[in-house]
Structures are given as C-alpha cells and as structure tokens.
Amino acid sequence: MSAGHETVERRKEEHLRVTAGGDVGSRVRPGWADIHLLHQAIPATDLAAIDVGTEFLGHRLRAPVVIAAMTGGHRAASEINGVLADAAERHGLAMGVGSQRAALLNPGLASTYAIARERAPGAYLIANVGAAQLVPQHDQPALGRDELRRVVAMISANALAIHLNYLEEAVQTEGGRAAGGLRAAMAEAVRAVSVPAIAKETGAGLSRGAALDLRDAGFRALDVGGLGGTSFAAVEARRAEMHGDGRGARLGEVYRDWGIPTAVSIVAARPTGLPVIATGGVRSGLDAAKAIALGASLVGVARPLLTAALAGGAAVDAWLDQFLEELRVGVFLSGGSCLADLRSVPRVIAGETRRWLEDLGYADPP
Ligand SMILES: Cc1cc2nc3c(=O)[nH]c(=O)nc-3n(C[C@H](O)[C@H](O)[C@H](O)COP(=O)(O)O)c2cc1C
C-alpha cells in the first residue's frame, strides 16, 4: 500500500472520530428559526393521511430525505454504510456514500462503498467524488473519465455527486488547493458519466452566481450544503490539533463560521430551476418542512445520522421515525395534505435570513 492510500484512509477514519465526538458545529445558524410557516387552525385532512412521498430525478422516494454523503474508504466505514443503507431501503430514502477516491487508490476498499448497494438494492444511491480531484493536485493527476465511471459502477449509482469543499481543502494541512480550470473540468466530468450529476457544497453554501454556473455546466441538481450544521473548518481544526499543527488549528477556528446559511442558499439556488437538496444543519422534521417551503426538493442529513448509526440500526430507525413524524405534523398544521402543499404555504422570513436576502438582492420567489 502506498503512502497515498494510508493518508486518505487515516484521514477518513479521523473525520468519523472527530465528527462523532467533537465540537464541530458552526456557531452561525442555518436560518430555520427565521422561517415561520402560517398555522392553519382547520387542518385539511387526517394527520395519518399525510403523504410525504416525492419524486427526485425520476425516482420515487417515500420521504424527501437524503442520508448525506459521509463515509467509506476504511474498514470501519463498511458497518456504518451498511446500517445507513438498511435504513435507506426500509424508509424509501436516497443515500450518498462518502468520497470514493480512497477506493480508486486502493481497489481493496471498494467493498466499503459497494455494501450500500448490497443492502439497499432499491434505494436511490449517489456516488461521490471531490471537485478538487478533477484538477491536478500536488503530485496527483486529475481523475479521468474512466475513474469517474468506475465510482458510479462501484455502487451501481443512480447519480454522481461532485462535492465542492474548498473551505476544507484550504484548512487541511494536506489539502488540494489547486482550482485552475475547475469549471471546465466539472463540465467535462458531468459529460463523462451516464447518470445525472449533482453539484454538492459541503457546509459553505451556494451563492446565486455559483448555482447558475453549476446549472450551465450541466448539473441536474444542486445540494446547497449550507452553513449552519457540521463545519468542516472546525473538523479540520480538531484534526490539526490532534497532529500538533498550529496553522491548521487556528485557520479552521477563524473560518469555522464562513459561508452562506442553508436557508439563504436554498433561495439563492431557486432561479436555476433545478431540484435543490438542502443539507447543512437540518435537525428536525420542522427544519425540513421549512426548507421545502423555501423551495428545496429534498433535505440531506449527515451528522445526526452518523451518531445514530454508531449506536446501531435501531437508533437510526428511531431517529428517522421521529423526524418523519415531525415533517408530517408540519404539513398537517400548515393546512396541507401532501409534501407539495408546503410549497404554497404562506410564510414569513424574519431576522438575519431576511437581512441576507435583502442585502444580496435575492428575491424570494413565491
Ligand atoms: C464524517 C463526515 C464525512 C463527510 N464526508 C463527505 C464526503 O466524503 N463527501 C461529501 O460530499 N460530503 C461529506 N460530508 C458532508 C455531509 O454530506 C454534509 O454536507 C455536511 O456534514 C452537513 O450536513 P450536517 O450538518 O447534517 O452534518 C461528510 C460529513 C461528515 C459528518
């Protein structure tokens, strides 16, 4: 095994350990507290009859939830991906796996991702690579068309997510900071695969300009990955502390709250007309109802499901049952009978989120 494999595998293990146990949340909130859905005292239907099923890129989901990309690429990840995939299959959800670069470097690790397809034969599965790997970094060449097709095939994926994580790369000691030619490389990657490509931020959000650029590059959906949940600057700060790297520890703390809150990012991305996945600080079914009312098609949840998965399948089921009940109550109390009704619920946008939207001139489309 080369040093390159060992570094990527060790980093993935450390991410899991640091994220599960550490102080890694952003201090800026995702914006849900500023969104108010208008209460309807007279419900439209029985709570038990509320249907939160939806379509995403031609696939039927029983609830508008993606188990967000987290892991794979080291031995312990197999168990976690297996538990999460069981839940995706049982609840009819979508699921992303973590960056598959580790398995390109060391094909022996492919099974740590492929387990997701074995355990969730009917789920909408999303393959994952980093945008930074689409351009040459240090001594590593850019990923080629064949490698992109291999990551899709590895999990028989329904879609490929290309994640943007330049905040993390900037903080990480060994991060890939080259970005020249990135837009063209991303457009080329979209064309290289036969499944739809999803552009995915990882905690710093999408501006309207970035969202429109990504649409023009051919992406078929946008995961806004906004500020307000897990902060990868904070994750890298904790890792840097573990390694006695003062530069990374300080940089990660300074940039811990950098980015565009998730609620603002949803509104930013709407004029693209693409399906939007709202990830970043989604912690309750009410947060999800608000994200969908703002225009998201799905929500993504990472860290709470990682914590649950580490406790086992029953904990993941309990977390999801509670979350989905909270979402159904949101539809019920705002006078709807199905998920799509949330789109037309009268809503008030207050506080910081209103300020962001006004200052940026991001009109909130009805
Ligand atoms: C341990 C861990 C590993 C992650 N690895 C990846 C990854 O490989 N690829 C990716 O696109 N996002 C990755 N993410 C980011 C998540 O998909 C998500 O965007 C982010 O954690 C915000 O969601 P949250 O606030 O619900 O945690 C990772 C998140 C966690 C917690």
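Whatever order the structure lists ligands and atoms in, that order sets their numbers, starting from 1. Quick note: numbers below take in every heavy atom, side chains included, and nothing from hydrogens, waters or symmetry partners.
Ligand 1 has no nitrogen or oxygen under 3.5 angstrom from a nitrogen or oxygen of K12. Not one N or O of V282 is nearer than 3.5 Å to an N or O of ligand 1, by distance alone. Considering backbone and side-chain atoms together, G281 places an N or O closer than 3.5 Å to an N or O of ligand 1. At under 3.5 Å, not a single nitrogen or oxygen of G203, backbone or side chain, sits near a nitrogen or oxygen of ligand 1.
From the protein, the heavy atom lying nearest to atom 9 (N) of ligand 1 is N128 OD1, 3.3 Å. Among protein heavy atoms, atom 8 (O) of ligand 1 sits closest to S99 N, 2.8 Å. Regarding atom 27 (O) of ligand 1, its nearest protein heavy-atom neighbour is T230 OG1, 2.5 Å. Shortest contact from atom 20 (C) of ligand 1 to any protein heavy atom: A302 CB, 4.1 Å. Nearest non-hydrogen protein atom to atom 25 (O) of ligand 1 is R283 NH2, 2.7 Å.
For ligand 1, the atoms lying closer than 4.0 Å to a non-hydrogen atom of G229 are 25 (O). Heavy-atom contacts of F232 reach the following atoms of ligand 1: 2 (C), 3 (C), 4 (C), 15 (C), 28 (C), 29 (C), 30 (C) (cutoff under 4.0 Å). The ligand atoms of ligand 1 that sit less than 4.0 angstrom from a heavy atom of R303 are 24 (P), 26 (O), 27 (O).
The heavy atom nearest to atom 31 (C) of ligand 1, considering only L16, N165, T19, is found in T19. Around atom 12 (N) of ligand 1, the closest heavy atom drawn from M70, E201, H163, K200 belongs to K200. Nearest to atom 13 (C) of ligand 1 by heavy atom, out of G98, A69, P30, is A69.
Distances shorter than 4.0 angstrom do not occur between any heavy atom of A161 and any atom of ligand 1. The shell of residues lying under 4.0 angstrom from ligand 1, judged by heavy atoms, includes T202.
With a 6.0 Å radius and a threshold of 12 heavy atoms from other residues, nucleotides or ligands, R183 has its CZ atom at or below the threshold. More than 12 non-hydrogen atoms from other residues, nucleotides or ligands lie less than 6.0 angstrom from CZ of R145. Counting heavy atoms of neighbouring residues, nucleotides and ligands inside a 6.0 Å radius, atom CD of E241 exceeds 12 of them.
The pair D317-R90 counts as a salt bridge, with a side-chain nitrogen and a carboxylate oxygen less than 4.0 angstrom apart. Ion pairing of E236 with R256 is absent here, as no side-chain N (NZ or NE/NH1/NH2) approaches a carboxylate O to less than 4.0 Å. By the 4.0 Å N-to-carboxylate-O rule, E9 lies too far from K12 to be salt-bridged with it. By the 4.0 Å N-to-carboxylate-O rule, R10 lies too far from E13 to be salt-bridged with it.
Under a 3.5 Å cut-off, the side chain of N106 and the backbone N or O of A103 do not form any donor-acceptor pair. For the pair R208 (side chain) and A268 (backbone), a donor-acceptor distance under 3.5 Å is present. Judged by distance alone, the side chain of R177 and the main-chain N or O of E169 form a donor-acceptor pair under 3.5 Å.
Between the side chains of T353 and D34, a donor-acceptor pair is found at a separation under 3.5 Å.
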